[in-house]
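Side chains are part of it too, since the values below use all heavy atoms of this structure and drop only hydrogens, waters and symmetry mates.
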Amino acid sequence: MSLLVVGLSHRSAPVSVLERASLSTDAQFKLLQDTVAAEPAAEAAVLATCNRIELYADVDKFHAGVDELSTLLAQHSGVGLEELTPYLYVHYEDRAVHHFFSVACGLDSMVVGEGQILGQIKDSLARAQELHTAGRLLNDLFQQALRVGKRAHSETGIDRAGQSLVTFGLEQLAAGGDVTDWARGKKALVIGAGSMSSLAAATLARAGVAEIVVANRTPDRAERLAQILAESDGTDVVARAVPMDSVAAELTRADVAVSCTGATGLVLTAEAVATAVEGRTGAPAAFETPAAFADFDEAADVRPLPPTSVGTDENCPLDLAAVQQATVQQSGFSVMGEAAVAGMDAATLEQHAAWVDNATVDRRLAARRSPEADAELIAALAATAAAVGRIPERRKPEPVAALVRPEPALFLLDLAMPRDVDAAVHRLAGVRLVDIESLAEASADAPMAADVDQVRRIVADEVAAFGAAQRAAHITPTVVALRTMAADVVAGEIARLDARLPGLDDKHRAEITQTVKRVVDKLLHAPTVRVKQLAAEPGGAGYADALRTLFDLDPETVAAVSRAADSTEKNAENRGPA
């Protein structure tokens with residue numbers, strides 16, 4: 001059997017796809033059950049977070065396993081297989097272990113080095129253990145991943161290379177400023193009472209907000225979180241709980257709102273946020289168009305050119321009607337062709353050149369002109385230079401003052417997947433929204449600390465050690481079965497000796513038995529130690545088969561040893577993850 005992982009994350013798929021493919025808790029349970037019921041898989045575990053969905057399985061066939069796991073992911077996520085497939089990645093055996101250990105250390109997180117992933121891995125293992133879908137391989141893998149992640153955080157400064165998603169999101173809301181200065185005295189609304197919402201509430205409390213209001217569909221959980229916040233040492237925040245139907249009213253009072261629920265639909269619509277802003281400012285909130293701001297996408301194909309003092313279509317210095325009348329028989333007429341500029345005086349030609357530059361030419365479109373159009377322009381320029389003796393001046397457009405976006409009256413942090421807050425809120429005046437998609441964009445160019453390289457070395461060492469341990473464990477049942485067979489042979493020969501020498505006293509019988517056992521142990525010691533060493537090396541899996549063949553070991557005996565080991569693992573599993 002071999003480890004296989006099929007999944008998608010913020011690195012392989014756009015947020016819109018991740019959002020649609022997100023799995024509810026019930027869907028994760030059903031996915032696990034269906035995976036182990038499928039033919040290629042014997043074990044299964046699901047790691048589902050706000051920015052990744054991964055299915056781990058112990059399979060006996062690679063291609064069949066990939067097909068089955070991909071199909072099951074598509075089936076339970078609700079995204080069609082053809083649409084989902086381009087965003088899926090596959091890792092197998094050692095590469096799968098390397099990927100998972102990297103995930104556990106925070107190297108594959110949206111915010112490098114964040115430690116929340118360890119809690120999510122622990123929850124995933126507990127879920128698989130609860131359904132009995134995790135066997136020896138996945139228990140070993142997840143337990144070791146937790147240890148590797150803890151080692152990375154304790155032995156390196158990976159925590160300095162990144163922060164939690166909550167902290168990073170608050171920094172984005174603060175526009176790169178100090179979060180404590182930005183948060184001090186603000187009123188916060190936290191929607192949801194799960195692990196992420198609780199972390200956000202605790203972070204805001206430490207940052208110095210004056211008040212935190214917790215809204216949750218389960219009132220008891222909201223009350224409990226509010227009580228914990230109010231009683232926390234080191235903060236003097238006022239905390240209270242409200243029902244979900246009070247969110248609209250509380251949003252009018254709040255300066256910052258954080259939402260992370262398990263809802264399948266929107267929790268805050270654009271209209272609800274607009275109403276809240278209007279309630280805060282007393283003026284209707286308007287949706288802005290991107291072209292109204294200085295940060296408008298310069299790569300857009302169409303952009304209005306600034307007004308000029310030279311003229312418009314009506315006062316173009318070239319008499320288009322007269323030229324078109326004179327060239328009515330010509331096809332493909334162009335105002336930049338030779339016919340259009342022939343016979344012009346120098347002053348009119350200069351005016352026309354400036355008018356064309358300022359009123360109609362878009363440099364980005366010009367960069368995509370065809371060679372034929374370029375040839376036409378060159379011919380026109382040559383004719384102009386011959387007529388006036390110099391190349392006409394190209395005047396730059398007059399600068400236009402950029403509009404300044406108003407300061408936000410409401411800050412929103414959406415950490416849910418699928419999203420809780422309508423994406424249209426990004427265009428709402430007076431609101432700053434940070435969501436998973438904008439966090440992914442902001443973190444794409446984050447600098448990598450030197451500690452990251454150290455963590456990568458830890459991951460590489462741990463992957464090698466885990467692979468060696470698994471290969472060695474794979475041959476252990478065979479070695480145990482061999483020694484059991486040898487003990488049975490010794491016992492049989494001693495029984496035969498008793499039949500031949502019935503008068504043998506107990507002292508001599510014990511001495512003979514011990515001698516025979518020592519001979520057998522010495523003969524088996526070197527081969528069994530060496531075979532374990534060889535099996536631990538890459539490609540050493542075949543030594544177990546060779547040992548079974550050479551000593552004609554009963555496959556059922558080997559399987560019985562494996563079952564006994566699995567039973568021991570399950571007993572340890574009931575004690576929970578490390």
Side-chain angles (χ1 to χ4, degrees), residues 1-3 42-43 58 60 93 97 129 132 134-144 147 461-462 464-578:
M1 304 295 282
S2 300
L3 178 66
E43 304 178 31
D58 186 8
D60 58 0
E93 295 187 329
V97 177
Q129 289 175 340
H132 304 290
R136 181 194 299 175
L137 175 60
L138 291 187
N139 270 292
D140 288 350
L141 177 71
F142 275 66
Q143 296 279 8
Q144 188 63 25
R147 286 189 285 268
D461 291 343
E462 292 285 356
F466 182 82
Q470 289 297 308
R471 288 187 289 270
H474 178 68
I475 203 170
T476 297
T478 302
V479 172
V480 172
L482 174 61
R483 289 191 171 276
T484 300
M485 184 192 73
D488 290 343
V489 170
V490 171
E493 290 302 318
I494 294 300
R496 184 178 301 174
L497 181 65
D498 288 339
R500 291 180 178 179
L501 301 174
L504 190 66
D505 60 75
D506 292 343
K507 179 180 179 181
H508 289 91
R509 182 179 183 280
E511 185 64 32
I512 293 172
T513 301
Q514 190 62 32
T515 300
V516 174
K517 286 183 177 180
R518 281 198 299 267
V519 171
V520 172
D521 286 343
K522 287 182 178 181
L523 288 174
L524 292 181
H525 176 73
T528 53
V529 169
R530 184 58 179 152
V531 79
K532 287 183 178 181
Q533 294 173 341
L534 293 172
E537 296 176 358
Y543 286 100
D545 295 332
L547 204 61
R548 287 192 294 270
T549 301
L550 288 172
F551 287 91
D552 194 23
L553 297 177
D554 181 9
E556 182 54 36
T557 303
V558 177
V561 174
S562 297
R563 286 194 295 270
D566 287 340
S567 177
T568 303
E569 289 290 338
K570 286 190 177 296
N571 291 333
E573 165 190 321
N574 293 330
R575 295 193 292 269

Seminar exercise, completed: Residues at least two apart in sequence or cross-chain that pass salt bridge (Lys or Arg N to Asp or Glu O under 4.0 Å) with Asp461, listed by chain then number, are none

Problem set entry | Close side-chain approach of Leu138 and Leu141, heavy atoms under 4.5 Å | yes

Problem set entry | Main-chain N/O of Ser2 paired with Asp58 side-chain donor or acceptor, under 3.5 Å | yes

Seminar exercise, completed: Hits for side chain to side chain contact (heavy atoms under 4.5 Å, CB included) against Glu511, two or more places apart or cross-chain, chain-then-number order -> Thr515, Arg518

Problem set entry | OG1-CG distance between Thr513 and Asp498, expressed to the nearest 0.5 angstrom | 7.5 Å

Exercise. Shortest non-hydrogen contact from Ile494 to Arg509?
Worked result: CG2-NH2, 3.5 Å

For this session: Can you sort out the partners of Arg496 under salt bridge (Lys or Arg N to Asp or Glu O under 4.0 Å), two or more places apart, ordered by chain and number?
Result: Glu493

Exercise. Is the closest side-chain heavy-atom distance between Leu504 and Ile512 below 4.5 Å?
Worked result: yes

Problem set entry | Minimum side-chain heavy-atom gap Leu137-Leu3 below 4.5 Å | yes

Problem set entry | Contacts of Val529 that satisfy side chain to side chain contact (heavy atoms under 4.5 Å, CB included) - sequence neighbours left out | His525, Gln533

For this session: For Val489 and Val520, run side-chain contact (heavy atoms from CB on, under 4.5 Å): C-alpha distance rounded to whole Å, both residues' side-chain angles, the deciding distance at 0.1 Å, then the answer.
Result: CA-CA 10 Å; Val489 170; Val520 172; over 6 Å; no

Problem set entry | Residues which pass side chain to side chain contact (heavy atoms under 4.5 Å, CB included) with Asp521, listed by chain and number, not counting sequence neighbours | Arg483

Problem set entry | Partners meeting salt bridge (Lys or Arg N to Asp or Glu O under 4.0 Å) with Arg530 (sequence neighbours left out) | none

Seminar exercise, completed: Nearest heavy-atom contact between Asn139 and Gln129 is OD1-NE2, 2.7 Å

Exercise. Can you name the closest pair of heavy atoms from Phe551 and Met485 and give their distance?
Worked result: O-SD, 3.7 Å

